[in-house]
Every structure is written in C-alpha cells, then in structure tokens.
Amino acid sequence: SLRQQEVGGVKVFDDALDVVIRQRQTLRRALHASLETDDLKLVFQPIEPCEAGVPRKMEALLRWNEPELGAVSPALFIPVAEESGLIVPLGRWVLREACRAAMSWPHGTVVSVNVSVQQILSGDLLQDVQDALAYSGLAAQRLEIEITESVFSRDLDLVCQVLAALRAQGISLAIDDFGTGYSSLAYLRQLPVDVIKIDRCFITDLDHGARKLLLAMVSMARGLGFRIVVEGVETAEQQNLLAAMGVDYLQGYFIARPMAASDVAAWLAR
Ligand code: C2E
Ligand code: MG
Ligand code: MG
Ligand code: MG
C-alpha cells in the first residue's frame with residue numbers, strides 16, 4: 001500500500017503540474033485576446049505627500065476582467081505576460097492609457113507607471129514612452145516610472161543606459177518594493193533613481209525593532225538624496241509614525257484604495 005501511495009503521490013503531482021501549465025497557456029491566450037478588446041483597464045491609487053505644496057501622484061495599476069475567468073489578479077497575470085513577452089505590448093498600452101488619463105487631472109499631478117525589466121531589455125521602452133507622451137500631450141515631468149530592484153541584476157549596462165535616457169527626458173524613476181529584492185547597500189549609492197518606495201512588509205508589524213530598521217532605512221535614503229514613499233499604509237498609527245519620521249509620501253488603503261479612472265478627478269478635488 002506504501003507503493004500505491006507513492007504512485008498516487010507522483011500521479012497527483014503530475015496532475016497538479018499539468019493544471020498549472022494549462023492554466024498558464026489559458027491565461028496567455030486570454031491575455032493576448034484581451035489586448036484587442038476592452039477587458040483591460042487601469043485603476044489609480046494616490047501617493048500622497050506628507051506636506052502641502054508638494055506635487056501629488058497617482059499610481060496606475062492594471063486590472064484584467066476576463067469574461068470567462070472573471071477578475072484575474074496582476075500578481076497572477078503579470079508574471080505570465082513577462083514570461084511570454086506579452087508584457088511589451090501590454091506595457092505599451094498601460095503607458096498610453098496612464099498618460100492619457102493624467103491629462104485630465106490638475107496640472108502638476110504626476111502619474112506613476114509600473115514597468116517590468118523585460119520592457120527595459122526589449123529595446124522598445126524609450127520609443128514607447130516617447131509615443132505615449134506625444135500621443136497624450138503629457139509633459140515628461142508628469143510621468144514617473146516604477147521599477148523593482150531586480151532590474152539591476154540583469155544586463156546592468158543596458159539597464160542603466162535606458163534609465164539614464166529616461167531621466168534625461170525629465171521622467172523620474174522610482175524603486176518599487178524597496179528592500180525585498182536585490183538589496184545591497186553598496187549599490188544603493190549608485191542607483192540612477194529619484195524615489196525609493198519602501199515595501200509594505202517593513203511596516204506591517206511595527207514593533208520596536210521594526211521601527212528602528214525603518215528609521216535607519218529612511219535616514220539612509222534621505223542622506224543619499226532620495227525622496228521616500230512608504231507603501232501599504234493601512235492604519236492611522238502607521239500614518240502618524242511615518243509622517244513623524246519625515247517620510248515624503250504615503251500610499252496605502254488608509255489613504256485610499258485603487259480607484260476607477262472616472263473617480264480620480266473628484267478625489268483630487270476633495
Ligand atoms: P506594486 O506596484 O507594488 O503595487 C502595490 C500593490 O499593493 C497593488 O496591488 C495595490 O493594490 C496593493 N496595495 C496598495 N495599498 C495597499 C495596502 O494598504 N495594503 C495592502 N495589503 N495592499 C495594498 P495590485 O494592484 O494587485 O498589483 C500587484 C502588483 O502587480 C504591483 O505591485 C505591480 O508589481 C504589478 N503591476 C500592477 N500593474 C502593473 C502594470 O501595469 N505593469 C507592470 N509591469 N506591473 C504591474
Ligand atoms: Mg508599483
Ligand atoms: Mg509597490
Ligand atoms: Mg509592494
């Protein structure tokens with residue numbers, strides 16, 4: 001009976017793997033089809049300055065509502081898009097839509113767009129960004145691009161060249177989910193970026209030790225000249241603590257959940 005269990009175990013594993021592979025294929029095909037329809041949309045989440053008079057920002061977050069699959073989480077479909085190369089046309093669409101949306105907001109409000117490393121390595125990103133700005137009429141100074149630390153573990157020369165070209169146009173760059181990836185204090189000093197978004201895992205459980213770590217990260221980032229965003233703010237207590245630490249911007253459900261494009265103007269005017 002042990003043998004049967006083992007055989008059974010392997011069979012179950014094979015089936016599970018098969019399901020995962022077929023799910024990915026289904027997702028990839030459906031995502032490809034959705035690029036042609038209007039199943040994709042952007043929602044926007046505020047990145048709020050702690051001090052008045054500082055430009056406000058809205059982060060564009062992709063939503064996919066597939067007729068048969070329902071709402072699929074970006075945590076699920078972004079990796080599929082990245083593996084299949086679909087992230088390049090998908091990211092192109094996101095850039096255009098985000099810039100177009102930002103044109104209807106008050107002047108000075110910045111739109112922040114997530115970009116995957118595959119878009120940087122594809123060689124198309126600079127042109128795609130230029131096209132999105134030209135198509136929408138948005139000033140480059142109102143576009144921010146979020147990348148994760150992992151982009152620096154790839155072709156470093158190419159990545160830095162693309163990032164430098166973006167910054168030369170007046171676009172600002174932010175490191176997303178800071179502290180969770182390819183972290184090294186040695187490289188932090190040389191990062192060609194303007195903003196550091198400290199990952200929400202650093203504020204979820206703010207006991208004494210966690211506060212000290214956070215304060216150290218904030219003062220280090222400040223000392224190196226970066227503007228600091230903390231993401232995932234869910235409580236008033238976190239908000240007060242972070243504002244007292246001198247963080248520049250806060251983002252999270254306590255400030256606002258991601259909202260439909262049609263709700264942004266009213267939120268900014270409230
Ligand atoms: P991210 O860029 O770090 O975005 C933050 C995620 O945390 C969003 O999830 C947001 O809804 C969620 N969030 C915001 N505030 C809170 C909070 O207070 N508590 C909690 N628990 N969560 C909060 P979402 O929209 O599901 O996006 C997940 C990830 O998918 C994003 O992480 C980003 O890496 C990726 N993504 C989303 N849209 C795009 C896109 O257009 N292009 C690319 N390349 N990636 C995208
Ligand atoms: Mg982001
Ligand atoms: Mg983030
Ligand atoms: Mg995050």
Side-chain angles (χ1 to χ4, degrees), residues 27 31 34-35 39-48 57-65 70-102 110-122 124-125 128-129 132 143-151 154 172-181 183 193-206 227-239 241-242 247 249-261 263 267:
L27 282 183
L31 193 54
S34 288
L35 273 173
D39 301 340
L40 291 163
K41 66 179 167 84
L42 295 181
V43 292
F44 296 91
Q45 187 180 28
I47 303 173
E48 278 291 281
K57 307 184 199 185
M58 301 292 286
E59 179 175 5
L61 294 162
L62 193 52
R63 293 292 176 265
W64 183 28
N65 211 332
V72 187
S73 163
L76 208 63
F77 72 78
I78 293 287
V80 172
E82 288 175 343
E83 282 164 28
S84 61
L86 271 180
I87 194 69
V88 173
L90 193 61
R92 186 176 295 135
W93 182 86
V94 170
L95 279 163
R96 275 173 73 111
E97 285 301 302
C99 291
R100 192 170 65 87
V110 170
V111 65
S112 200
V113 176
N114 294 283
V115 161
S116 297
V117 67
Q118 288 81 0
Q119 291 171 265
I120 299 176
L121 297 176
S122 74
D124 290 348
L125 184 63
D128 289 348
V129 165
L143 176 61
E144 182 161 289
I145 285 182
E146 298 189 9
I147 50 178
T148 58
E149 293 159 83
S150 63
V151 306
R154 303 293 288 267
S172 63
L173 297 181
I175 298 284
D176 204 352
D177 305 334
F178 181 79
T180 61
S183 299
V193 304
D194 310 281
V195 179
I196 293 221
K197 294 186 77 176
I198 297 179
D199 192 75
R200 72 183 163 88
C201 72
F202 292 99
I203 63 158
T204 40
D205 185 18
L206 278 175
R227 269 168 289 138
I228 305 156
V229 179
V230 177
E231 51 177 30
V233 179
E234 292 183 350
T235 67
E237 194 199 357
Q238 289 170 331
Q239 183 185 44
L241 188 79
L242 292 164
V247 162
Y249 287 89
L250 300 177
Q251 185 179 28
Y253 294 166
F254 185 74
I255 318 291
R257 298 226 167 208
M259 62 186 82
D263 293 334
W267 195 87

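Please read all numbers here as calculations on a predicted model, not as lab measurements. Read the numbers this way: they start at 1 and go in the same order the structure lists the ligands and their atoms. Position 1 is the first residue of the sequence; numbering continues from there.
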- Task: Would you please test L62 and L90 for side-chain contact (heavy atoms from CB on, under 4.5 Å) and show each step?
- Result: CA-CA 10 Å; L62 193 52; L90 193 61; 3.9 Å; yes
- Query: Using a heavy-atom cut-off of under 4.0 Å, does the side chain or the backbone of L62 touch ligand 1, or both, or neither?
  - Reply: both
- Item | Of the listed options S116, P74, P79, closest to atom 26 (O) of ligand 1 (non-hydrogen atoms) | P74
- Query: Nearest heavy-atom pair of A60 and A98: which atoms, and what distance?
  - Reply: CB-CB, 4.0 Å
- So what's near the Mg ion (ligand 2), protein N, O or S atoms under 2.8 Å? E59 OE2, N114 OD1, E146 OE1, D176 OD2
- Message: Under 4.0 Å between a side-chain nitrogen and a carboxylate oxygen: does that hold for K57 and E146?
- Response: no
- Task: Nearest 0.5 Å please: distance from the CD atom of E59 over to the CG atom of L42.
- Result: 11.0 Å
- List every atom of ligand 1 that sits less than 4.0 Å from any heavy atom of D176, numbering the atoms from 1 in the order shown and giving each element. 1 (P), 2 (O), 3 (O)
- Task: Give a yes or no answer on whether the side chain of S116 reaches the backbone of Q118 with a donor-acceptor pair at less than 3.5 Å.
- Result: no
- Message: Does E83, at its CD atom, have more than 12 non-hydrogen atoms belonging to other residues, nucleotides or ligands within less than 6.0 Å?
- Response: yes
- Query: Sequence neighbours excluded, which residues qualify as side chain to side chain donor-acceptor pair (under 3.5 Å) partners of N65?
  - Reply: none
- Are the side chains of I175 and T148 in touch, meaning some heavy atoms are under 4.5 Å apart? no
- Quick one: list whatever passes ring pair (Phe, Tyr, Trp, His ring centres under 6.0 Å) with Y249, sequence neighbours left out. none
- Query: Considering residues at least two apart in sequence or located in another chain, which fulfil the salt bridge (charged side-chain N to carboxylate O under 4.0 Å, His left out) criterion with R227?
  - Reply: none
- State the atoms of ligand 1, each with its element, that fall below the 4.0 Å cut-off from a heavy-atom position in V233. 18 (O)
- Task: Measure from atom 39 (C) of ligand 1 to every heavy atom in L90, T235, I203, I78 and give the option owning the shortest one.
- Result: I78
- Task: Kindly identify the option in Q251, Q45, E59 whose heavy atom sits closest to atom 15 (N) of ligand 1.
- Result: Q45
- Assess R63 for proximity to ligand 1: is some non-hydrogen atom of it under 4.0 Å away? yes
- Item | side-chain contact (heavy atoms from CB on, under 4.5 Å) partner of L86, the single match among I78, L31, V80 | L31
- Message: I need the D177 CG to K197 NZ distance, nearest 0.5 Å.
- Response: 8.0 Å
- Using a strict cut-off of 4.0 Å, indicate which atoms of ligand 1 neighbour a heavy atom of D177. 3 (O)
- Task: Find all atoms of ligand 1 within a distance of less than 4.0 Å from any non-hydrogen atom belonging to V94, and give their numbers and elements.
- Result: 41 (O)
- Item | Contact atoms of ligand 1, heavy-atom distance to E234 under 4.0 Å | 17 (C), 18 (O), 19 (N), 20 (C), 21 (N)
- Item | ligand 1 contact on E231 by region, counting heavy-atom pairs under 4.0 Å | side chain
- Query: Numbering the atoms of ligand 1 from 1, which are under 4.0 Å from a heavy atom of P258?
  - Reply: 11 (O)
- Query: Between F254, Y253, F77, which one has a non-hydrogen atom sitting closest to atom 18 (O) of ligand 1?
  - Reply: Y253
- Task: Indicate the atoms forming the closest heavy-atom contact of Q45 with A256, along with that distance.
- Result: NE2-O, 3.0 Å
- Message: Could you tell me, atom by atom, which parts of ligand 1 come under 4.0 Å of a heavy atom of G232?
- Response: 17 (C), 18 (O)
